[in-house]
Amino acid sequence: MIVVLTGGTGGAKLVEGLAGEIDPAELTIICNTGDDAVFHGLYVSPDIDTITYTLAGLSDPVKGWGIAGDTFTVLEQLNRLGNDAWFNLGDKDFATHISRTRLMNEGGKLTEITDRIRRLLGVQSTILPMSDDRVETRVTTTQGEISFQEYFVKDRWRAEVTAVHFAGAASSRPAPGVIAAILNAEAIIVCPSNPITSIGPILAVPGIRSALAESAAPMVGVSPIIGASAISGPAHKLMLASGFKASALGVADCYRDFLDMLLVGAEDAALREAIENLDINVIATDIRMADRAHRRRLAREVLALARKWSRKPLSGLP
Ligand code: GDP
């Protein structure tokens, strides 16, 4: 099994490439749930949904979230009826959240429900939430504390952030299958996801970080940051607010206790020595994934590195 740690948009690009390069059934994807939120009484799990829709071939390639060609009739009517519907949810997307919430209300766990939905949508890879317990990413700004979605979507990450924390993390448990997947993985890939608000919550679930340090699998990461900025979104700002450098070196620092290799932009080749001082190997290459061909190429490179690093031959690889 190849195990992947990921958030939504940036991670999904690499996940798509990986699923094209190996048998998708060989992939186990551990997803961030710190961004989950309840809208209109429905439990929404944006990163799980982005990964599921991507692997099902349903995702909107332009927006990076939601279902391609979806309409927004329900949202428009919700607004007309006086609801504060600032979080975009398409009509087909609503069906996912209605199904998930119904199953949760019947006592289902997020792990089982995620598995059921991905199977119904024809996804062969295993998708695991990091935890079945509620862990909520909270962003402290100079104006007060808000949820991640309020910061990211409603505020469009304009607020000045002073800290990020994960409410509920200390008492959360890894979802069933997460620790076993990490310990038994042939390779572990850390996607180019936001290190603070996408990978950070996963690492904050007690037991996950130590399992990564313990696992013998080669661990390869891809930087979401080139130069001093994220390729998209606020990762650089949140890294600075969390005490890390806003650079690929800062990304390496976030993962220094378990990562073996980090792919950084060719522009960041000068950071090699500083990153290698953290005991992480550096590969400076093209890490932008503009289209499907780029995603496949980067996935191939990541898999080849994992294979080179691994002490045993990796199954599922071409
Ligand atoms: P979120 O849950 O929607 O925030 O999604 P992620 O955390 O998975 O993705 C956001 C991150 O993806 C950002 O920090 C971006 O810099 C990064 N990203 C987006 N596109 C690319 C790309 O083409 N290449 C790389 N290396 N990173 C990317």
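We count residues from 1, following the sequence as given.
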On a heavy-atom basis, the closest approach of S131 and T33 is O-OG1, 4.2 Å
R173 and D133: salt bridge (charged side-chain N to carboxylate O under 4.0 Å, His left out), yes or no, with the steps? CA-CA 7 Å; R173 290 151 303 171; D133 301 321; 2.8 Å; yes
Can you see whether T96 engages D49 through a side-chain donor-acceptor pair at a distance of less than 3.5 angstrom? no
Do K154 and D84 meet the salt-bridge criterion of a basic N to acidic O distance under 4.0 Å? yes
Run the salt-bridge test on E112 and R116 with the 4.0 Å N-O cut-off and return the result as yes or no. no
Nearest heavy-atom pair of T101 and Y43: which atoms, and what distance? OG1-N, 2.8 Å
Ion pair E301/R296, N-O distance below 4.0 Å: no
Look at atom NZ of K92 and say whether more than 12 heavy atoms of other residues, nucleotides or ligands are closer to it than 6.0 Å. no
Take atom CZ of R297 as the centre, draw a 6.0 Å sphere, and report whether it contains more than 12 heavy atoms from other residues, nucleotides or ligands. yes
Minimum heavy-atom separation for S223 and V251, please, with both atom names. OG-CG2, 3.8 Å
Drop me the distance from L259's CG to I189's CD1, to the nearest 0.5 angstrom. 11.0 Å
Can you see which heavy atom on P218 is nearest to which on E186, and at what distance? CD-O, 3.0 Å
Between the side chains of R119 and D115, is the shortest nitrogen-to-carboxylate-oxygen separation below 4.0 Å, so that they form an ion pair? yes
Is the number of heavy atoms from other residues, nucleotides or ligands under 6.0 Å of E160 CD greater than 12? no
Identify the two heavy atoms, one from L238 and one from S242, that lie closest to each other, and give their separation to 0.1 Å. O-OG, 2.8 Å
Should R80 and E76 count as an ion pair when the cut-off is N to O under 4.0 Å? no
Closer than 3.5 angstrom, by distance alone: can the side chain of N83 be matched with the main-chain N or O of L78 as a donor-acceptor pair? yes
With the threshold set at 4.0 Å, does a side-chain nitrogen-carboxylate oxygen contact exist between R256 and D279? no
